[in-house]
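In what follows, a structure is listed as structure tokens, so that the remarks can point back to it.
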Amino acid sequence: MTETYDFAAIEQKWQCAWEEERAFRAEIDPSRPKYYCLEMYPYPSGRIHMGHVRNYSIGDVIARQKRMAGANVLHPIGWDALGMPAENAAIKHGTHPKTWTLGNVDHMRTQLKRLGIGYDWDREVNTCLPDYYKWNQWIFLRMLERGLAYRKESWVNWCPQCRTVLANEQVVGGGCWRCEAPVAQKKMEQWFLRITAYAEELLAGHAALRKWPEHVLQMQKNWIGRSTGAHVRFGLDGTSKEIEVFTTRIDTICGATFLVVSAEHPIVPELVAGPRAQELGAWVERTVAEMRQRRDVGETEKDGVDTGRKAVNPFTGERVPIWLANYVLMDYGTGAIMGVPAHDSRDFEFARSYGIPVRTVIAPPDRAGERFDGEPAEVYEGPGVLVNSGPFDGLTSERAMDEMGKHAEDKGFGRRSTIFRLRDWGISRQRYWGTPIPVIYCRRDGLVGVPDEDLPVELPFEVKLTGEEGSPLERLESFVRTTCPKCGGPARRETDTMDTFVDSSWYFFRYCSPRETALPFRPEDAKAWLPVDLYIGGVEHAILHLIYSRFFTKVLRDFGLTDVSEPFPHYLAQGMVTKDGSAMSKSKGNIVDPDEILARYGADALRLFIIFASPPDKEFAWAEEGLEGCYRFLVRVRALVHENLDVFAAPEAAPAPTAGGGEAASRVVKKTHQTIRKVTEDIGVRFHLNTAVSSIMELCNLTRKERDALRETPAGRDALRLALGSIIRLLSPFAPHLAEELWQRTGHQGLLMLSAWPAHDAALAREETATVVVQVNGKVRDRFEAAPDLPEAELEAAALALPKIQAALGGKPPRKVISVRNKLVSIVG
RNA sequence: GCCCGGGUGGCGGAAUAGGUAUACGCACGACACUUAAAAUGUCGCGGCCGCAAGGCCUUGCGGGUUCGAGUCCCGCCCCGGGCACCA
């Protein structure tokens, strides 16, 4: 068994001391630079897991270091407390969601405190309390006034057995995640937020997000999915009607040999009317059902029917058949496409299976000038030069897109346009444990927003949650029945609640003014703290939460509440915590409970280990032995300080050690200053927390090795004091409790966490010699010590004089020599 | 299929601007202390050859650029993630 120390007593002692002094409280102070360090707030599921420990340890290291380095740090925490798990727990165990949630919050708060994470608890926010969700409602109403919130009928996933709406994530393999019944599609009135109004800006804003991981920006970019192209209207032959298509390749339009209309397109009834109505209608009915089923499943075999109707290509006047098919989506573009089989692989596949003609209209650049009369053997999707396109022949694809777009505009049958894949955000949930949407329906006045003075619309506590019915609020007459704010007549409340992503889209503003009662937050507080300087959290939120938050910030800016457009200029995507090759999860049974580790090794060792074992943005594989090593390291540091407490008896004013105190002393002084420099940079600039810990370990190793020699001279004892004092301070963001204890034991007054971060002295950190490597023909043959910054010519001379180098050259003169100061001499023989 | 990451000892990982590959930690081995074990300490620890000095090889694979490549370029392989009929 490893030697031990009473970490439990030490940790408790300092957690109390910090709390008593409210040492983590943040107040606006214009005299210091602010630093807003934020970790994604947790869902209060019951217990802290290792992912939380990692997330909050990373944030705490940075927040503590910034604070010691002189920043005015805001480091808050709260609870993402609304949502399905509480409701499911209620159904399962019969506890009220509120009771369950608040109990979990209490427990998890205690756990976070036991980890020594330094939060400003005065700013704690809990989204399930009316003083928070009131402002969800307020923001919603402002959006409603501006047309950013609206209601429309849309398809939702519906579990017929549970009789409730399911989010897309709750549909597993086409079935309900709870009862496995096949999920149906149902058309319902739903509330939407008009995020698409900000699509362009959300994309353009990426330019300001230089400190985001590239792959996260890429994911968001794909999600937003901007496409430029053109809308073009084809005539419906024999009528005055038109079918509009969207295309990104208007340059290929003369190769359109058919048109495809989505089975869900509103024009379908007209297209199928006629002698074949029964046959076509049956196909449509079956296909629509299938398309809804596989909405989240992916690609399936292409299937279609020829309607017998024709469309007129406005560019050529050509009449082409109109098909219905299962591969054209209704909710992207116009729900109809032109089929250009020669230059689109999906159209090609479709045309091949139905014998539709394929006509080349783009010559690949390497085949310019050839004739393209017959059917091509394969599809060509790249750009090229137009052929078989009448007056547009000879244009490059790029020019043709422009000119044909203009042509369509001039003739009035189309326009150049940009569309997005991003959809408006459906926020309606037919659930209890969420923010009630503050809207009233009156027979006379229609849809009426709840007046601000009536906010919050509180969630009623008394409610039956059985899981068997639809929306629990809908069945609660006392909630539903109300009066119209306009006419005073009888009216009904909206019973949908909001998606919980609404709560998390602006909570970082609320931390700035957590008890504000007139607005969601005070603009001057937001001005003082935002943007968030560093946002840390799991990459699983790369798309939804991080886009919604960016959207909300822009909306709040347009409300005039903030002048910030991007809430998180720096996002650190934390890697997963895994064990035995997969993410820790209940179903895998590979969970390590932080409480258990805390009891055996203490918070400092756990924090140190989780930081040390891998860089923050990479996956972290749990391995108990490594934890043991970090614990031993702490024990060694403590022992080293305790054995040398006498060197701290020197007056505080003792001269700072300089070079010239003997071999050991100058080595240790130099290493100390180098370590301070490296740790400061690793935490504050590079965010490589694991290497910061390594370098502290190195300093500790050297100090231990030299301690006997150091103790023998006054200069040595000064060096020892410097090294130990620095180790304590450098360690304090990582292992704050032990560091505080040692700080006190070495005779310091006040809290270490509020004292100054050490500064390095560049002159003392400087190496007196540089190791110069000598390569011959690319291979290292020898090395020597040289004075720093020795000029290249002298390095060259010294290198060539080395016996091993002489031998390697075999007496012949070098053909070429390259020297780099302080680094190497490279000789070509 | 498309778009991102990533591949370095037995393991987690380091190498910040193309310049000493394998820092730090774990595991392992030898030794010291011990009646013994644990703990602790000291030393060793990429592979191959060699008594040694030393030599050769080594960052997924194959090429290339360069005095010099883990790092840059081209082509593959494997692993992880995201999107997935987006016209």
Side-chain angles (χ1 to χ4, degrees), chain A residues 1-4 213-223 225-227 229 245-249 252 260 262 291 294 296-302 325-329 331-340 343-347 349-350 419-422 539-540 542-543 573 575-576 608-609 612-615 617-630 632-633 635-636 639 678 681-682 685-686 688 690-698 700-701 704-705 771-780 783 804 814-820 822-829:
Chain A
M1 179 56 199
T2 308
E3 196 181 305
T4 181
E214 181 53 40
H215 70 281
V216 173
L217 292 178
Q218 198 64 45
M219 278 198 242
Q220 290 206 352
K221 201 176 157 190
N222 292 343
W223 189 260
R226 184 181 195 270
S227 287
V245 302
F246 173 77
T247 178
T248 54
R249 292 295 303 273
T252 66
V260 190
S262 170
M291 287 174 77
R294 63 173 167 85
D296 286 297
V297 177
E299 214 163 318
T300 49
E301 184 111 4
K302 288 182 180 52
N326 64 348
Y327 76 99
V328 174
L329 306 172
D331 58 3
Y332 182 75
T334 63
I337 61 159
M338 59 181 202
V340 184
H343 306 293
D344 181 287
S345 56
R346 297 154 301 180
D347 297 344
E349 186 192 333
F350 189 75
I419 66 167
F420 296 89
R421 288 174 61 186
L422 184 69
V539 76
E540 64 273 19
I543 298 181
M576 265 192 323
L608 189 71
F609 170 54
F612 174 64
S614 55
D617 54 344
K618 280 210 190 161
E619 180 180 290
F620 162 71
W622 181 266
E624 193 110 351
E625 302 79 23
L627 172 64
E628 197 88 44
C630 285
R632 282 200 293 260
F633 169 69
V635 171
R636 280 198 296 269
K678 177 155 172 63
E681 202 179 290
D682 278 356
V685 182
R686 301 207 306 149
H688 284 204
N690 53 329
T691 55
V693 175
S694 311
S695 56
I696 300 172
M697 286 174 170
E698 284 183 52
C700 188
N701 290 347
R704 263 156 57 83
K705 196 171 137 201
T771 304
V772 174
V773 171
V774 188
Q775 294 180 347
V776 178
N777 294 331
K779 289 192 169 153
V780 177
R783 53 196 75 188
K804 282 186 191 169
R815 286 198 290 151
K816 190 174 176 187
V817 181
I818 291 132
S819 300
V820 180
N822 300 327
K823 289 238 163 71
L824 57 69
V825 179
S826 183
I827 301 164
V828 189

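Per chain, numbering begins at 1; letters A, B, ... match sequence-line order.
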Out of curiosity, A/Met697 CE to A/Cys630 SG, how far, rounded to the nearest 0.5 Å?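 Interatomic distance, A/Met697 CE to A/Cys630 SG, rounded to 0.5 Å: 4.5 Å.
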Hey, could you give me the CZ/CG distance between A/Arg249 and A/Asp347, rounded to the nearest 0.5 Å?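 Going from CZ on A/Arg249 over to CG on A/Asp347, the span is 11.5 Å.
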Once you measure the plane-to-plane angle for A/Phe246 and A/Tyr332, does it fall in the parallel (<30°), tilted (30-60°) or perpendicular (>60°) bin?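 It falls in the perpendicular class, over 60°.
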*Any sub-3.5 Å donor-acceptor pair from A/Thr248's side-chain atoms to A/Gly229's backbone N or O?*
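Not at all, since once roles are kept as given, no pair shorter than 3.5 Å links the two residues.
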* Asked: Is there a donor-acceptor contact under 3.5 Å from the side chain of A/Ser614 to the main chain of A/Glu619?
  ->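 Here the side-chain-to-backbone pair exists.
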* Asked: Using purine N1 to pyrimidine N3 plus N6-O4 or O6-N4 for Watson-Crick, or N1-O2 and O6-N3 for G-U wobble, both under 3.5 Å, which nucleotide pairs with B/C28?
  ->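 Partner of B/C28: B/G44.
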Counterpart base for B/A69, defined by Watson-Crick or G-U wobble contacts under 3.5 Å =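 For B/A69, the partner nucleotide comes out as none, under the 3.5 Å rule.
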**Prompt:** Between A/His215 and A/Val539, is a side-chain contact (heavy atoms from CB on, under 4.5 Å) present by the stated rule, with each step listed?
**Reply:** CA-CA 10 Å; A/His215 70 281; A/Val539 76; 3.7 Å; yes
Protein and nucleotides 20-27 of chain B: nitrogen or oxygen contacts under 3.5 angstrom:
from  : atom 1 : to       : atom 2 : distance (Å)
B/U20 : O2     : A/Arg783 : NH1    : 2.5
B/A23 : O2'    : A/Glu698 : OE2    : 3.1
B/G25 : OP1    : A/Asn701 : ND2    : 3.0
B/C26 : OP1    : A/Arg632 : NH2    : 3.0
B/A27 : OP2    : A/Arg632 : NH2    : 3.4

Identify whether any heavy atom of A/Ser227 sits under 4.0 Å from a base atom; if not, whether one sits that close to sugar-phosphate; answer base, sugar-phosphate or nothing.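 Sugar-phosphate, backbone atoms only, no base.
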Inset, instruction - Please check if atom CZ in A/Arg686 has more than 12 non-hydrogen atoms from other residues, nucleotides or ligands closer than 6.0 Å. - result: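 Check passes, neighbour count above 12.
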Applying side-chain contact (heavy atoms from CB on, under 4.5 Å), run through A/Gln775 and A/Leu824 and close with a yes or a no. CA-CA 8 Å; A/Gln775 294 180 347; A/Leu824 57 69; 4.2 Å; yes
Nucleotides 3-9 of chain B: which of its N/O atoms have a protein N/O under 3.5 Å away?
from : atom 1 : to       : atom 2 : distance (Å)
B/C3 : O2'    : A/Gln218 : NE2    : 3.4

